[in-house]
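Please read the structure below before turning to the comments.
Sequence lines set the chain letters: A, B, ... in the order given, protein chains first and strands last, and positions in each chain run from 1.
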Number of protein chains: 2
Amino acid sequence: MAKYSGALEAARLDDVFGALADPTRRSVIGQLGRGPASVGDLARSSPMTLPSFMKHIRYLEAVGLIHTTKEGRVRRCALDRERLAVVDGWLAEQRAIWEGRTDRLEQFVTSTDANDPRQEHV
Amino acid sequence: MAKYSGALEAARLDDVFGALADPTRRSVIGQLGRGPASVGDLARSSPMTLPSFMKHIRYLEAVGLIHTTKEGRVRRCALDRERLAVVDGWLAEQRAIWEGRTDRLEQFVTSTDANDPRQEHV
DNA sequence: CCTATACTTAGCCGAGTGGCAAAGTATTCA
DNA sequence: TGAATACTTTGCCACTCGGCTAAGTATAGG
């Protein structure tokens with residue numbers, strides 16, 4: 001789960017990409033894309049035991065891709081779409097590099113330290 | 001590095017997302033986006049030892065994000081952009097699930113607005 | 001031929017991931 | 001009240017990851 005001190009955006013990328021690197025977690029994201037659901041609902045489509053499944057839920061929550069609330073004995077999960085934007089941002093940045101323009105789009109998308117005159121690669 | 005038997009696409013997603021979950025590897029991809037480079041060139045921007053760095057190179061190569069060739073005593077690395085398309089594909093799939101029609105990057109990145117009746121949070 | 005360069009191989013290590021089973025807690029329902 | 005439901009906690013385990021050092025191999029250059 002990557003513990004950076006300064007590079008916030010990089011830490012988020014580590015976390016989010018790491019979260020997406022697992023089929024169970026991607027499946028959860030896919031299901032929550034259709035609307036909120038309880039842990040039990042989500043777990044039903046997975047072959048693993050509940051404690052194991054819960055680890056994935058907590059991982060996703062820690063990373064900020066989902067958030068959960070307890071309602072009675074049920075834990076309801078919902079997607080936090082905006083966290084996925086860092087992926088789009090990174091991809092856009094790469095395309096900007098390929099196309100030789102290291103400027104506006106990238107600046108906009110990775111808006112963590114916008115007052116930093118680009119200079120870090122190599 | 002996930003070894004699936006049937007689910008090819010899922011395995012690729014595991015691998016590619018896994019590859020992107022590391023800052024050293026993302027940095028390599030970023031550098032190679034500007035053109036091919038030797039292992040030494042790439043490693044120079046990283047604080048780690050060469051053997052450690054090489055592991056990342058081999059990881060990226062195994063996943064299909066880069067390919068390398070040996071020229072004399074130098075190993076030249078180059079980016080395989082098309083492998084990154086699986087990420088685009090997955091994101092598009094998610095967007096299709098929760099928005100149904102939006103596919104413009106800028107709009108997605110900026111879309112923290114919720115004019116969609118299906119979601120109450122965010 | 002000798003040396004510097006550019007990896008490469010081998011082996012070790014601590015931390016983290018991803019899974020399990022068993023037992024516990026808190027609600028809900030009859 | 002008592003039982004079923006829906007997690008939750010605890011503890012264990014195998015394996016991978018990401019880093020290291022040390023030593024080896026293969027060119028390139030002088």
Checklist outcome for this item: Whichever of Leu50(B) and Lys55(B) has the more 5' nearest nucleotide on DNA chain C, that residue is Leu50(B)

Next on the checklist: Does dG18(D) have its OP1 or OP2 closer than 4.0 Å to a side-chain nitrogen or oxygen of Ser52(B)?
Outcome noted: no

Checklist entry - Measuring from Glu93(A):CD to Leu13(A):CG, what's the distance to the nearest 0.5 Å? => result 8.0 Å

Item to check | Distance, rounded to the nearest Å, where Leu20(A) contributes CG and dG18(C) contributes P | outcome: 12 Å

Checklist outcome for this item: Between the NZ atom in Lys55(B) and the CZ atom in Arg25(B), the distance rounded to the nearest 0.5 Å is 11.0 Å

Next on the checklist: By nearest atom, which of the nucleotides dT8(C), dA21(C), dA6(D) is closest to the Pro51(A) side chain?
Outcome noted: dA21(C)

Next on the checklist: Do the side chains of Asp88(A) and Arg95(B) get close enough for a salt bridge, i.e. N-O under 4.0 angstrom?
Outcome noted: yes

Checklist entry - Looking only at side-chain N and O atoms, does Lys70(A) come under 4.0 Å of OP1 or OP2 in dA6(D)? => result no

Next on the checklist: What is the distance, to the nearest angstrom, from the CE atom on Met54(A) to the C1' atom on dT9(D)?
Outcome noted: 11 Å

Next on the checklist: Tell me whether Asp41(A) is salt-bridged to Arg44(A), with the criterion being a basic N under 4.0 Å from an acidic carboxylate O.
Outcome noted: yes

Next on the checklist: Using 0.5 Å steps for rounding, measure from the CG atom of Asp22(A) to the CZ atom of Phe17(B).
Outcome noted: 11.5 Å

Next on the checklist: Whole angstroms only, please: what is the CG-C1' distance between Asp14(B) and dT17(C)?
Outcome noted: 13 Å

Checklist outcome for this item: When rounded to whole Å, the CZ to P distance for the pair Phe53(B) and dT8(C) reads 12 Å

Checklist entry - In whole angstroms, how far is the P atom of dC17(D) from the CG atom of Asp22(B)? => result 11 Å

Checklist outcome for this item: From the candidates dC7(C), dT21(D), dT9(D), the one with an atom nearest any side-chain atom of Arg58(A) is dT9(D)

Checklist entry - Rounding to a whole Å, what distance do you find between His56(A):NE2 and dG19(C):P? => result 4 Å

Checklist entry - Whole Å only: how far is the CZ atom of Phe17(B) from the C1' atom of dG18(C)? => result 19 Å

Checklist entry - If you look at every strand shown and take non-hydrogen atoms under 4.0 Å, does Arg25(A) touch a base, only sugar-phosphate, or nothing? => result sugar-phosphate

Next on the checklist: Can you tell me which nucleotide in dG29(D), dG18(C), dT21(D) comes closest to the side chain of Arg73(B)?
Outcome noted: dG29(D)

Item to check | Nucleotide dC7(D), atom P - distance to CD of Glu61(A) in whole Å | outcome: 13 Å

